[in-house]
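Some notes on the structure that comes next.
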2 protein chains.
Amino acid sequence: MQKISPSTATDHLPHLAYDSVIFGFSGTQLKILIMEYHNTHIFALPGGFVQKNEHLNDAVRRGLKERTGLDNIHLEQFYTFGDADRNNAEPMRTILVNNGLSPEKYHWMLERFISVAYYALINYQDVVPQPDALSDSCRWYPVNALPPLMMDHAGIVEKALQTLRDNLDRKLARGNLLPPKFTMKELQQAYEAILDTKLLRTTFQRRMLSLNLLERHEKQYSGGAHKAPYLYSFIKG
Amino acid sequence: MQKISPSTATDHLPHLAYDSVIFGFSGTQLKILIMEYHNTHIFALPGGFVQKNEHLNDAVRRGLKERTGLDNIHLEQFYTFGDADRNNAEPMRTILVNNGLSPEKYHWMLERFISVAYYALINYQDVVPQPDALSDSCRWYPVNALPPLMMDHAGIVEKALQTLRDNLDRKLARGNLLPPKFTMKELQQAYEAILDTKLLRTTFQRRMLSLNLLERHEKQYSGGAHKAPYLYSFIKG
DNA sequence: TATTATTGTCACGAATTGAGACAATAGAAT
DNA sequence: ATTCTATTGTCTCAATTCGTGACAATAATA
């Protein structure tokens, strides 16, 4: 949810929201940005609303910038959740009250919402999560150790993961899950975290090189007592 | 667009619509159901609106039943179109006027619409297209010979095709593009029409059989002067 | 009974993949 | 300096899959 004011009700398309699953990768873990609201223990995906004259895709870009400080993120829409019982009434009432806002004034926020879901792959290093007016934290959580999420947000994450696993090669190449240059081992660890399987080192390396998506750079002297690995980057095209 | 009355404005979620790309297969051609409005030469995908307390998916099922008479269709959502300039103002005004309806009364139909797009694979044989109150025809058109479609509907069809081509095996098995029993040749022709490529007969047959998705039945005596082909059906699971 | 078009399957080389072996090497230990 | 250790890049070889043509089987027709 984004910064809101009472006037918001008339500025936005009613009953329409978006939610975003922002993936990051650190060490060997796939993580997701999750927000927690002030004084509530209510956890949610970063989301927001669409202004009356705003492109849907632009609205998501705008909201994501407010939360991560990041611009120019490659966002991919993956599903629209439209069940009739998708409303924030109960948790949202709590959130409003605990923030000193009147549920009557913000009644529109308690109603049914259709939510268009997006995912993004971003570089963990680049993000300085910025909590907004309603939330007191915006933090990374490992995908396999998420806090209990409000509404159907756990289902949204699950669907995002399923989507991501399909045609992962192309998606990783377009996103920014890894830093600009990375080793083959880091790339393999990213694959393994996303697919939740172990992969064979030699087969993986051969396959990656045969995809013609990688450019090889100078070696990285890691400080470890062993042969130094090459660095690679994705060929953007 | 579905049957409407002035009261519709209050029954539906504003600014939200769906459009459906209904694929059928006949002979060697992939076809799509397209509607034409009375006295207008305006062509559009079958679409409609979502009632205030209706699941999004149910709304699409309901609309599709109104148009094709078919129930229990496997629908797959594939994208939500949300550009700010998506409105029906110009063509819709024409449609309303040519149907003796007042654009003032139906003003809500002229505004911006977010549209959730679905596709379905149905058996060409089963459909008796039923035009509704506003349209005078609902007919099959080959995908490569569509009439000029209103708004961004041509783009919606293109995206539906792209989606369909990805992981086609599973999608064909779940849908009903072919009759319950079909020959290997018919199956190959369906693949070729969708992918818009020629496939090698022997390789195709081997690959299909190795997928373990097909059940073999008795032979079909086609009347042709040659060996009779087996019939197959998809193993539903 | 011979002819013809089409179908199901096999055969064989080419390409891809699974899985282990091994040399190269950057730093740590001696 | 020399040896040791962990990791990396590549090679090898068998197993599997794929592209392609060959060929026998066969339903209707001539």
Side-chain angles (χ1 to χ4, degrees), chain A residues 25-29 165-170 172-173 178-235, chain B residues 25 27-28 165-170 172-173 178-235:
Chain A
F25 180 69
S26 154
T28 61
Q29 286 195 307
R165 284 173 180 154
D166 215 77
N167 278 121
L168 182 53
D169 299 329
R170 273 180 273 163
L172 264 185
L178 293 162
K181 293 185 181 180
F182 46 85
T183 65
M184 192 60 77
K185 182 172 201 172
E186 289 170 332
L187 183 60
Q188 182 173 345
Q189 286 172 332
Y191 269 82
E192 290 179 339
I194 294 170
L195 299 175
D196 196 24
T197 51
K198 279 284 164 198
L199 299 173
L200 269 163
R201 187 178 63 91
T202 53
T203 311
F204 178 79
Q205 172 133 341
R206 182 172 48 193
R207 206 176 86 79
M208 281 305 113
L209 293 177
S210 75
L211 287 177
N212 291 330
L213 288 172
L214 292 178
E215 198 173 351
R216 181 179 276 184
H217 302 282
E218 75 286 3
K219 291 208 168 196
Q220 180 196 47
Y221 293 81
S222 59
H226 53 76
K227 189 174 175 179
Y230 287 110
L231 288 178
Y232 297 88
S233 65
F234 285 113
I235 299 167
Chain B
F25 181 69
T28 61
R165 285 173 179 155
D166 215 76
N167 279 120
L168 181 54
D169 299 327
R170 273 180 273 162
L172 264 185
L178 294 162
K181 293 184 180 181
F182 47 85
T183 65
M184 192 59 78
K185 182 172 200 171
E186 290 170 333
L187 183 61
Q188 182 173 345
Q189 286 173 331
Y191 269 81
E192 291 179 338
I194 294 170
L195 299 175
D196 195 24
T197 51
K198 279 284 165 198
L199 299 173
L200 269 163
R201 186 179 65 91
T202 51
T203 311
F204 179 79
Q205 172 133 338
R206 181 173 47 192
R207 205 177 88 78
M208 282 304 113
L209 294 177
S210 74
L211 288 177
N212 292 329
L213 288 171
L214 292 177
E215 199 172 351
R216 180 178 279 182
H217 302 282
E218 75 287 2
K219 292 209 168 196
Q220 181 197 45
Y221 293 82
S222 59
H226 53 76
K227 190 174 176 179
Y230 287 110
L231 288 178
Y232 297 88
S233 65
F234 286 113
I235 299 167

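Throughout, protein chains are lettered first and strands after them, A, B, ... in sequence-line order, and every chain is numbered starting at 1.
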Where the side chain of [X] is concerned, which of [options] is the nearest nucleotide?
| X | options | answer |
| --- | --- | --- |
| B:T203 | C:dT6, D:dC18, D:dT7 | D:dC18 |
| B:T202 | D:dA6, C:dT9, C:dG20 | C:dT9 |
| B:A225 | C:dG8, C:dA26, D:dT29 | D:dT29 |

- Message: I'd like to know if the side chain of A:Q205 reaches the main chain of A:M184, judged simply by a donor and an acceptor atom lying under 3.5 Å from each other, with no hydrogens or angles considered.
- Response: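 Not confirmed, A:Q205 side chain does not pair with A:M184 backbone.
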- Query: So do B:Y232 and B:T183 actually touch side chain to side chain, heavy atoms under 4.5 Å?
  - Reply: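 Sidechains of B:Y232 and B:T183: no contact.
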- Task: Let me know, please, whether A:K219 or B:Y232 comes out on the 5' side of the other along DNA chain C by nearest nucleotide.
- Result: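 This one resolves to B:Y232.
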- Task: Using heavy atoms to find the nearest nucleotide of DNA chain C for B:R201 and A:R206 separately, return the residue whose nucleotide is more 5′.
- Result: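 Residue closer to the 5' terminus by nearest nucleotide: B:R201.
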Between [atom2] of [N] and [atom1] of [X], the distance in whole Å:
| X | N | atom1 | atom2 | result |
| --- | --- | --- | --- | --- |
| B:Y221 | D:dT29 | OH | P | 15 Å |
| A:E186 | D:dT8 | CD | C1' | 14 Å |
| B:M184 | D:dA25 | CE | P | 21 Å |
| A:L200 | D:dT7 | CG | P | 17 Å |
| B:F204 | D:dC18 | CZ | P | 13 Å |
| A:K185 | D:dG9 | NZ | P | 11 Å |
| B:Q220 | D:dT26 | CD | P | 17 Å |
| B:R207 | C:dT9 | CZ | P | 18 Å |

- Task: Answer yes or no: are there more than 12 heavy-atom neighbours, outside A:R170 itself, under 6.0 Å from its atom CZ?
- Result: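 Count not over threshold, so no.
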- Is A:R165 salt-bridged to A:D196, cutoff N-O under 4.0 Å?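 Not counted as a salt bridge, because no side-chain N and carboxylate O are separated by less than 4.0 Å.
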- Task: Establish, yes or no, whether a centroid distance under 6.0 Å links the rings of B:F182 and B:Y230.
- Result: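 Between B:Y230 and B:F182, which both carry aromatic rings, the centre distance is not below 6.0 Å.
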- Query: How would you label the contact of B:S210 with the nucleic acid (heavy atoms, under 4.0 Å): base, sugar-phosphate, or nothing?
  - Reply: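 Nothing: the residue B:S210, judged by heavy atoms under 4.0 Å, touches no strand.
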- Checking only heavy atoms, does the side chain of B:K227 share a donor-acceptor pair with the base of D:dT26 at less than 3.5 Å?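 Answer is no: no donor-acceptor pair is held.
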